[in-house]
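Structure first, commentary second.
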Amino acid sequence: MRIKINGRFHEIEGAGNLPELIKIKGLSERAIVIEYNHNIIPKDKWNEIILREGDIIEIVSFVGGG
């Protein structure tokens, strides 16, 4: 399936929802915010988002430091 993540298209196989996508991308769920098709999705709703061809996802991660 082809989806757009942070402005670039990616071929993603095996991801049916947002938590599976996060796992495939090797990201930590604790420090990110996800915008799905122009809507920010609360973390407790990630399992409800079924990924589809052409979806647009923005993933913002927080980095600590000074």
Checklist entry - Taking C-beta and beyond as the side chain, do Ile34 and Leu21 meet within less than 4.5 Å on heavy atoms? => result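 Heavy-atom side-chain distance check fails, nothing below 4.5 Å.
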Indicate if [X] and [Y] have the same hydrophobic cluster label, given that clusters are the connected sets of ILVMFWY residues with side-chain heavy-atom separations under 4.5 angstrom.
X     : Y     : answer
Ile24 : Trp46 : yes
Ile49 : Ile32 : yes
Met1  : Ile59 : yes

Item to check | Lys43 atom NZ, neighbour heavy-atom count above 12 within 6.0 Å | outcome: yes
Next on the checklist: I'd like to know whether CG of Leu27 has more than 12 heavy-atom contacts from other residues, nucleotides or ligands below 6.0 angstrom.
Outcome noted: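 More than 12 within 6.0 Å, yes.
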Checklist entry - So which pairs with a foot in residues 22-41 pass side-chain hydrogen bond (donor to acceptor under 3.5 Å, both in side chains), sequence neighbours left out? => result Tyr36-Asp55, Asn37-Asp55
Next on the checklist: Enumerate the side-chain hydrogen bond (donor to acceptor under 3.5 Å, both in side chains) contacts for residues 2-19, please, sequence neighbours excluded, ordered by first and then second residue.
Outcome noted: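 Passing the test, one end in residues 2-19: no pairs.
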Item to check | Where Phe62 and Val33 come nearest, the two heavy atoms and their spacing | outcome: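 That would be CE1-CG2, 3.5 Å.
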Item to check | Results of side-chain hydrogen bond (donor to acceptor under 3.5 Å, both in side chains) for Asn47 - residues two or more places apart only | outcome: none
